[in-house]
Amino acid sequence: MDETVAEYIRRTVLKIPRDEIKTMLQKWGFLSEAQLQTLNFHQIKDNISQEVVQLCEENCADIKQAAVLDIIYNHIYQNKRMWSVYQMKKSGEELEYFDITDFKKKFKGRLRSALKNVTITFKEYEDNAIWIRVAWGTPYKKPNQYKPSYVVYHSQTPYVFISASVLKSNLPLLCQALIVASNYHDIREMELRSHSLNSLKDIVFKRYSQNFQTYYPKPLQGGNVEPESADIRIVQENRSEKERIHRLNWEVFGGGPQPKLEFAQYKLETMFKSDPKMGVLDKKEPFRCLVKFSSPHLLESLKSLAPAGMADAPLSPLLTCIPHKARNYFKIREKKGLFPESFVSP
Amino acid sequence: QENVDPQKTAFLLRKAWTLYSVTPLYRFHRARLRDYARLLSAFIAAEKQKGLAVEVGVELDIKVAVSSLTDLRGSEQDQAAVLVQLSSRSRASSRNSEDKLVWSGWFCSVYGDDLSENVPEDFTCLPLFLTHGAESYTSMIGSWFQKTFDCCFRRLAISPLNLSWMVAMWAGCKLDRAASAVELVFSVPRLSQPLDISYAIHPEDAKALWDTVQKTPGEITQEEVDVFMDCLYAHFHRHFKIHLSAAKLVKVSTAVASAHCDGIVKILHSQYLPGVLMLLTELAISQIQ
């Protein structure tokens with residue numbers, strides 16, 4: 001077995017938490033159940049990985065099999081990577097039958113015709129997701145297995161999720177191969193990025209709870225703003241205001257869980273406006289700002305701002321449009337004309 | 001105070017310093033700096049023997065140097081700054097290997113007249129203490145100074161009010177080179193999911209705003225700072241409908257310096273070093289009094 005393959009397998013196994021190693025090797029299926037029985041999973045990971053490499057040696061593993069193990073790891077730990085979303089466009093309306101073999105052949109063909117040294121691996125999952133791993137080389141160097149790009153393509157949709165490696169120069173080639181293989185004619189990057197691949201899918205596939213109802217159910221005992229106090233001396237202040245905020249929140253965010261995003265970024269190129277009496281800045285140039293919101297769960301966090309008294313209700317459409325506009329990067333410029341208070345986002 | 005030699009103070013720049021306030025030192029004698037270095041060295045060695053080892057593994061000899069930074073002061077009334085540096089040389093390495101600086105701390109006073117005026121003769125006022133390096137060394141050195149000079153160290157937190165002073169002041173500074181953005185970082189912790197907001201303004205635009213707010217050159221009032229901040233809050237609210245004023249300002253960052261509410265400061269420009277130190281000295285003194 002090639003030393004580089006052995007080292008790669010060793011390092012991949014080392015990444016896996018000790019309790020998960022056996023399951024992942026079983027999913028991989030390259031080592032037999034009998035072989036897996038011989039492994040001692042109660043020793044330090046260094047030793048476990050060495051033993052795994054020895055077994056792979058017995059089975060003459062090559063880079064193709066090692067790459068499959070890497071896909072399995074990254075599929076399970078997909079949230080460790082940053083994913084961007086791309087949308088492909090078809091020229092015609094034809095709904096073509098998707099042939100996976102044809103797709104793979106065309107994809108490989110397109111990449112290999114441009115770049116000889118490249119490792120391409122596919123794995124299909126039950127939810128119609130095709131995972132593609134590409135390790136990139138140069139005309140003179142073998143592919144770098146430690147910085148591959150991952151692509152997740154749901155064949156029934158025009159969306160592709162890419163976790164590019166640091167080598168961004170290969171992105172155009174990757175995009176080209178995708179549209180050639182899937183019979184689309186164009187691809188563009190959306191302004192939508194997150195670590196949570198599932199949340200990105202939720203947003204573009206519209207799987208999150210959007211509010212289709214315009215009717216807000218009457219607040220019942222449960223799910224209301226503040227719990228009733230047993231002490232009658234405590235009176236809920238501003239009860240109607242609190243209920244108004246709650247209702248507006250519901251109208252915007254719906255009742256279900258929000259897709260999980262970690263940040264939203266706004267590049268503001270709007271004018272600074274102030275009360276003329278204050279005698280402050282009155283430039284004709286935009287007041288340039290960059291605003292970044294971050295949170296372990298951004299949309300839930302934004303949803304709780306108005307009830308906490310931190311924001312007006314309804315919340316600004318700049319924030320609430322994130323899921324249905326499917327973007328979390330924005331450039332905001334002043335809208336000219338009748339409504340100077342509104343903004344346009346290209 | 002403008003004649004601070006940039007070469008001597010270069011080591012202060014671009015490092016994150018943790019801030020403390022220090023009460024006046026009793027019977028501190030500048031002539032005895034070498035003695036203090038020796039005593040401190042012995043103290044640290046003893047602490048390590050007691051089992052308060054700092055680094056596991058390679059045995060390190062810690063060398064202590066205590067020096068005066070004569071130019072680092074504000075007025076003639078200020079005491080010159082005192083610098084303490086800990087270097088290590090691994091016992092395993094050869095005799096010619098260089099010492100590695102592992103910890104620095106310095107006491108200073110820049111226009112600290114408010115404090116020094118009201119203090120009896122035996123006391124030396126150096127109310128601001130800045131450290132860079134492992135916390136364990138900081139606490140050892142702090143203990144020694146406390147025991148030896150009967151003084152008291154306290155972490156210097158920086159309130160949102162003071163942070164807004166800093167950002168307003170520093171945003172207005174004139175800089176030759178292209179400057180980095182004026183950034184304010186807010187935290188909203190008490191939500192179901194914590195939220196951090198970074199609000200970064202183009203330095204030219206921030207300065208333009210401050211220039212129209214500040215009415216008297218060379219003087220800054222609380223009212224001007226409030227107007228500046230209100231403008232920033234209003235601009236933000238116009239877009240996002242969020243009341244930033246209700247969030248907690250935790251960090252401000254400009255091309256001159258950056259400051260964090262936990263009492264951590266980074267100074268980036270030697271030109272404004274005295275100004276920054278003066279502000280920090282003032283904060284230290286108000287914490288002491």
Side-chain angles (χ1 to χ4, degrees), chain A residues 248 258 260-275 277-320 330 332 334 340-343 345, chain B residues 168 171-172 179-215 223-251 253:
Chain A
L248 286 170
Q258 300 296 312
K260 196 165 193 228
L261 293 173
E262 305 99 46
F263 52 83
Q265 186 175 290
Y266 297 80
K267 191 165 185 206
L268 302 181
E269 285 165 6
T270 51
M271 307 301 287
F272 179 82
K273 294 209 171 78
S274 69
D275 188 345
K277 279 189 291 187
M278 286 167 85
V280 296
L281 194 68
D282 182 28
K283 270 182 16 165
K284 303 300 173 217
E285 312 288 312
F287 191 67
R288 294 162 286 181
C289 306
L290 187 68
V291 174
K292 189 167 176 188
F293 295 89
S294 3
S295 169
H297 197 325
L298 180 68
L299 295 175
E300 282 296 333
S301 188
L302 295 176
K303 189 174 164 184
S304 59
L305 282 176
M310 292 282 311
D312 300 341
L315 203 57
S316 162
L318 289 183
L319 297 168
T320 56
F330 297 83
I332 311 292
E334 205 80 56
E341 287 305 299
S342 50
F343 309 111
S345 165
Chain B
S180 52
V182 171
E183 188 192 7
L184 297 88
V185 180
F186 296 84
S187 157
V188 189
R190 290 178 317 276
L191 303 172
S192 58
Q193 293 282 344
L195 179 66
D196 287 327
I197 303 174
S198 157
Y199 184 10
I201 302 136
H202 194 287
E204 286 168 13
D205 298 348
K207 179 160 174 19
L209 176 63
W210 175 249
D211 286 346
T212 63
V213 169
Q214 187 188 22
K215 304 296 179 205
E223 202 188 316
E224 285 164 357
V225 174
D226 289 342
V227 168
F228 181 72
M229 294 302 288
D230 284 342
C231 287
L232 297 182
Y233 292 147
H235 188 74
F236 192 90
H237 184 268
R238 183 163 91 89
H239 293 74
F240 300 105
K241 300 273 178 274
I242 295 175
H243 305 292
L244 261 191
S245 50
K248 182 176 178 215
L249 181 57
V250 295
K251 181 177 176 189
S253 203

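In what follows, every chain begins at residue 1, and chains take the letters A, B, ... in the order their sequences are listed.
Rounding to the nearest 0.5 Å places CD of B:E183 at 9.5 Å from NZ of A:K292. With rounding to the nearest 0.5 angstrom, the CE atom of A:M310 is 7.5 Å from the OG atom of B:S245.
Inter-residue side-chain proximity for B:D196 and A:F263 is flagged as unmet; no heavy-atom pair is nearer than 4.5 Å. Side-chain contact between B:K241 and A:L319: absent, with no pair of heavy atoms (C-beta onward) separated by less than 4.5 Å. Within the 4.5 Å cutoff, the side chain of A:L268 has heavy atoms near those of the B:F240 side chain. Between A:D312 and B:H237 the shortest side-chain heavy-atom distance falls below 4.5 Å. Proximity of A:F272 to B:I201: side-chain heavy atoms (C-beta onward) are nowhere separated by under 4.5 Å.
Between A:Y266 and B:H239, a ring centre-to-centre spacing not shorter than 6.0 Å is recorded.
At a 4.5 Å heavy-atom cutoff, the contact between B:A247 and chain A is made by backbone and side-chain atoms alike. Only the backbone of A:P286 comes within less than 4.5 Å of a heavy atom of chain B; no side-chain atom from C-beta onward does. Residue contact with chain A, scored on non-hydrogen atoms closer than 4.5 Å, involves the side chain of B:V188 exclusively. Proximity to chain A (any heavy atom under 4.5 Å) is shown, for B:A234, by neither the backbone nor the side chain. Residue contact with chain A, scored on non-hydrogen atoms closer than 4.5 Å, involves the side chain of B:F236 exclusively.
Of all heavy-atom pairs spanning B:R238 and A:M271, the tightest one is NH2-O, 2.6 Å. The minimum heavy-atom distance linking A:S295 with B:P194 is given by the pair OG-O, 2.7 Å.
Side-chain atoms of B:S198 never come within 3.5 Å of backbone atoms of A:V291 as a donor-acceptor pair (strictly under, hydrogens ignored).
Around atom NZ of B:K207, more than 12 heavy atoms belonging to other residues, nucleotides or ligands sit under 6.0 Å away.
Each of A:Q258, A:H297, A:K303 was scored for a side-chain contact (heavy atoms from CB on, under 4.5 Å) with B:Q193, with one residue passing: A:H297.
Note: A:S294 leads A:P296, A:A308, A:S294, A:A306 in heavy-atom pairs under 4.5 Å with chain B.
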